[in-house]
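Report on the structure given below.
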Amino acid sequence: MKTLSHKTSTFRLNSLLKKEIEKIIRPELFQSVSSAGTVILKEDDTGAALRVLSIKRLPKGSIVFELDHSPKGSLKRRLGNAFKQLSCILNSNHDKINKKCDYVIVYKKDKEIRILLCDLKSNRLKRSDCAAQLKNSELFVKYLLSLLAEYHNINITPVFMKTVIHVAQPINAKAPTQQKNRQKATEFNGVKYLPVTVAGRNNSNAITVFEDVA
């Protein structure tokens, strides 16, 4: 069994884990990370205060994928609302087991493999709901890791981190100036809450850096 530990290089993390995880997760769920380390995360809800979030300076070799996916085109016509649940075998009326965060970021730092569970929120936060989404997402990602270990001989013991990124206060400004309005995150019960200012198109775009998110 291949064990990805503190001795595993960033290159091996990217090449081994991404290659294997792509075998068990649909390709539509993966998000592109630029050569400069920027990923653009989107919220499809047209009423959301935070629609587009650019995260800069991700660690080299980072892997980003969605848990809360909204299919489009032929995929939507084929699958309908299948992505509303983590699994169609689960009771859709259960108040916790179908909750999920928006994105998952896998990266390496300080000789550790880390998995960041990330959720985008508007300016109305209910911490109990955030905690439930992130906890259920952690359980689901652990299940995915067990599949990698069982069927693809990839065994990792990551450190899980949880962050909710939410709107602080709308401003009328061009997008590049937003980083000058960086605000401090708060932490509650193991979850980081990071406020971001929104601007740009429809006053719903935000920019942040990965060291603030993680």
Side-chain angles (χ1 to χ4, degrees), residues 26 28-33 38-56 64-88 90-105 116-138 140 162-186 188-189 191-210 212-213:
R26 298 185 68 99
E28 300 93 344
L29 304 187
F30 288 93
Q31 306 299 299
S32 175
V33 180
T38 297
V39 65
I40 298 176
L41 308 182
K42 297 182 179 181
E43 170 58 65
D44 288 324
D45 181 1
T46 57
L50 177 58
R51 295 286 309 279
V52 180
L53 175 68
S54 297
I55 304 178
K56 297 185 175 183
V64 184
F65 61 91
E66 288 181 278
L67 284 186
D68 192 10
H69 180 66
S70 297
K72 297 177 177 63
S74 61
L75 186 63
K76 183 175 183 178
R77 290 192 293 272
R78 263 195 344 266
L79 301 179
N81 293 324
F83 284 99
K84 291 290 184 181
Q85 297 176 244
L86 283 171
S87 172
C88 289
L90 300 177
N91 184 348
S92 61
N93 294 319
H94 196 283
D95 63 346
K96 290 185 178 179
I97 60 176
N98 290 296
K99 292 181 180 295
K100 52 191 172 180
C101 67
D102 290 315
Y103 293 94
V104 178
I105 302 176
L116 174 64
L117 306 173
C118 180
D119 205 45
L120 309 186
K121 294 290 185 185
S122 296
N123 47 11
R124 294 185 298 274
L125 285 177
K126 189 175 180 181
R127 285 180 170 175
S128 59
D129 286 346
C130 293
Q133 282 181 286
L134 293 165
K135 181 59 180 178
N136 203 51
S137 300
E138 178 183 354
F140 184 73
K162 301 170 184 176
T163 299
V164 174
I165 302 172
H166 62 94
V167 172
Q169 180 180 357
I171 59 172
N172 293 318
K174 295 180 179 179
T177 69
Q178 290 169 277
Q179 285 183 274
K180 297 179 182 179
N181 292 282
R182 290 166 67 179
Q183 300 187 43
K184 291 184 178 180
T186 59
F188 182 77
N189 287 345
V191 177
K192 177 186 282 190
Y193 292 85
L194 175 66
V196 293
T197 53
V198 292
R201 185 175 182 181
N202 298 322
N203 211 36
S204 60
N205 296 5
I207 299 173
T208 189
V209 289
F210 188 73
D212 287 352
V213 175

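Heavy atoms only, all atoms of each residue included: Pro195 and Ala185 are closest at CD-CA, 4.1 Å. Contact detail for Lys42 and Val52: the closest heavy-atom pair is CG-CG2, 4.4 Å. Minimum heavy-atom separation, Ala49 to Ser122: N-OG, 3.0 Å. The two atoms that bring Cys118 and Leu134 nearest to each other are N-CD2, 4.5 Å, heavy atoms only.
Without hydrogens or angle criteria, Asp119 side chain to Asp102 main chain gives a donor-acceptor distance under 3.5 Å.
Residues Ser137 and Val104 are not in side-chain contact: their nearest non-hydrogen atoms beyond the backbone lie 4.5 Å or more apart. Side-chain contact between Leu120 and Tyr103: present, with at least one pair of heavy atoms (C-beta onward) separated by less than 4.5 Å. Side chains of Val198 and Ser204 form no contact here, defined as non-hydrogen atoms less than 4.5 Å apart. In this structure the side chain of Ile207 reaches within 4.5 angstrom of the side chain of Lys56, judged on heavy atoms.
With sequence neighbours excluded, the residues that form a side chain to side chain donor-acceptor pair (under 3.5 Å) with Glu138 are Lys142, Lys162. For Val213, the side-chain contact (heavy atoms from CB on, under 4.5 Å) partners two or more places apart in sequence, or in a different chain, are Ile55, Leu116, Thr163, Ile165, Leu194, Thr208. Under the side-chain contact (heavy atoms from CB on, under 4.5 Å) criterion, Phe30 pairs with Ile21, Glu22, Ile25, Ile63, Phe65, sequence neighbours left out. Every side chain to side chain donor-acceptor pair (under 3.5 Å) that Asp212 has, sequence neighbours left out, goes to Arg182. Residues passing the ring-ring contact (aromatic ring centres under 6.0 Å, His included) test with Tyr193: none are found, sequence neighbours excluded. Partners of Lys126 by side-chain contact (heavy atoms from CB on, under 4.5 Å), not counting sequence neighbours, listed by chain and number: Ser128, Asp129.
How far CZ of Phe210 is from OG1 of Thr38: 12.0 Å, rounded to the nearest 0.5 Å. Atom CD of residue Glu66 and atom CZ of residue Arg26 lie 12.0 Å apart, to the nearest 0.5 angstrom. Summarising the geometry, atom CZ belonging to Arg51 is positioned 7.0 Å from atom CG belonging to Asp44; distances are rounded to the nearest 0.5 Å.
Residue Cys101 forms a side chain to side chain contact (heavy atoms under 4.5 Å, CB included) with just one option from Asn136, Asp68, Leu117, and that option is Leu117.
Atom NZ of Lys192 sits in a crowded spot, with more than 12 heavy atoms from other residues, nucleotides or ligands closer than 6.0 Å.
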